[in-house]
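Heavy atoms only: backbone and side chains are in, while hydrogens, waters and symmetry mates are out. So you know, we letter chains A, B, ... as the sequences are listed, proteins then strands, and number each from 1. For clarity, every value in this text was computed on a predicted model and none was experimentally measured.
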Amino acid sequence: MSAKLSSKLIAGIFALISFVGFLDATYLTILHYRGAVPTCIIVHGCSNVTTSKFSTVANIPVALLGSLYYLTVLVLAVAYFDSKKEIILKWISQLTIIGLVASAYFVFLQIFVIKYICIYCMASATTSTLLFITGRFVKPEKNASDDLETLAN
Amino acid sequence: MNIKRTLEKSAIWIVLALAVGGGIWGLMQLGAPTAVDGNKTELTEPISAEDWTKGSVMAKVVLVEYSDFQCPACAAYFPYVKQISNKYSDKVLIVYKNYPLPQHQQSKLAATYAEAAGNQGRFWEMHDKLFENQDKWSDNNNAEEIFKGYARELGLNETKLAEDIKSSAIENKIEKDIDSGNKSGVDRTPTFFLNGKKLTELQTLNDLEYYVSQAIK
C-alpha cells in the first residue's frame, strides 16, 4: 500500500516539476519563434546565451527540445495516473538521465564557453535535476508481474 | 464502477490538455506586443549637439537608442534601426547614445573607437562596422587591432585616432552618456525612447518599426 502511495507521489512530483519545466522551456521557444531578443540586462548576463550558436541544434532551438522533453515526462506521468503501470515511472526515471546530462552540458556551456548565465536556462537545469533526483526514488526491483497485476486490477 | 473509472481517466487527460493548452496560451500572451506604456519612464536628459544623430533634425519623431556595441541584442536590432533610418529618413531622427555594460569587456573600447571615428566625421560608418562584425571581435583578445583595421578601412587619420583614443574627452562623453541613461532609467541594452518615452513593451525586432510607424501617423 505504501509502495502504491509512494509511486503516486513520485508521479505527482514528476508531473508538477515537468509542468514547470515545460512552461519555462516553452516560453523560450515562443520567444525564439517570435524573433524576440531578450535585451542585455545590466550585470545579470544577457541574451548572449539565448542567441549563441549553441541555442540551436540543426536549426531546432534547444528550448523546443527541452519543451518536448518536459511534455513527454508530463504526459508519461499522467499516463501513470491513468494506467497505474509502474513501468511508466521507470521510463520516466530513465528519461530524466538524458535531461540531466543535457542540462549539465548546457550549464557547462554557459559557465565555461559562453560565459554568461541565462536565468531561464538555469531554471530548466534546476527542474531537470529535480526530475532526475525524483527518478532515483522509483523502485528498480518492480518487475513485469507487478504490471500485469496492476493491469488485472 | 467502470463508468466512474472512465470518467476519472478522462478527467485526468482533460486536466492535462487544459493545463498544457492554457499554459501555452498564457505564455503567448506574455510574448505579444501591446501598446506603448508612455507613462512609465521618460527620457529625462535632452539630446544635445554632441549626440550622434541620423535623419532629419526637423523630424517630428525622435528615436533615441541607448546601446552597447558588444551586446548581441543591440546587434540584432542594428539592421532594424538602420532600416527605419533608411525608410523614414525625412520623418525620424535617430540618436545613438553609448551605454556599455560592465559585463562586456570590449564594449567601452568599441565605443571609444566609434567616438574617435566620429571626431573625423565617420561615426556611423564605424558604428555599422562594429555591429556588422560583432561576432569577430566580441570574444577576441586582440579586439583593438581589429578596431584599428576598421579605422584604416574607413581611411581615418591614424595619428589623430591614436590621440583621440587616449584623450579624456571621449571617455568623459561616454561617461556622460551612461550617466544620462542612468537618470532616464536605462538598465539594459538596447533601450529605446520614442519621442522621449521609453519603449517598454518591445518583444520582437519588428515591434520597433511598428511603434515608429505609429508615431509618424
* Asked: Can you tell me how far OG of Ser67(A) sits from CD1 of Ile24(B), rounded to the nearest 0.5 angstrom?
  -> 7.0 Å

* Which residues satisfy the ring-ring contact (aromatic ring centres under 6.0 Å, His included) test with Phe108(A), sequence neighbours excluded? -> Phe112(A)

* Mark yes when over 12 heavy atoms from residues, nucleotides or ligands other than Lys166(B) sit less than 6.0 Å from its NZ; otherwise mark no. => no

* To do: Report the distance from atom CZ of Arg5(B) to atom CG of Asp82(A), rounding to the nearest 0.5 Å.
  => 6.5 Å

* To do: Report yes if the side chains of Leu27(B) and Phe22(A) come closer than 4.5 Å at any heavy-atom pair, otherwise no.
  => no

* Mind checking whether Val15(B) and Phe81(A) have side chains closer than 4.5 Å, heavy atoms only? -> no

* Is it the side chain or the backbone of Leu16(B) that comes within 4.5 Å of chain A heavy atoms, both, or neither? -> side chain

* Side chain, backbone, both or neither: which part of Ala79(A) has an atom under 4.5 Å from a heavy atom of chain B? -> both

* To do: Check whether more than 12 heavy atoms from other residues, nucleotides or ligands sit under 6.0 Å from atom CD of Glu175(B), and answer yes or no.
  => yes

* Taking atom CD1 of Ile216(B) as the centre, does the number of heavy atoms from other residues, nucleotides or ligands within less than 6.0 Å exceed 12? -> yes

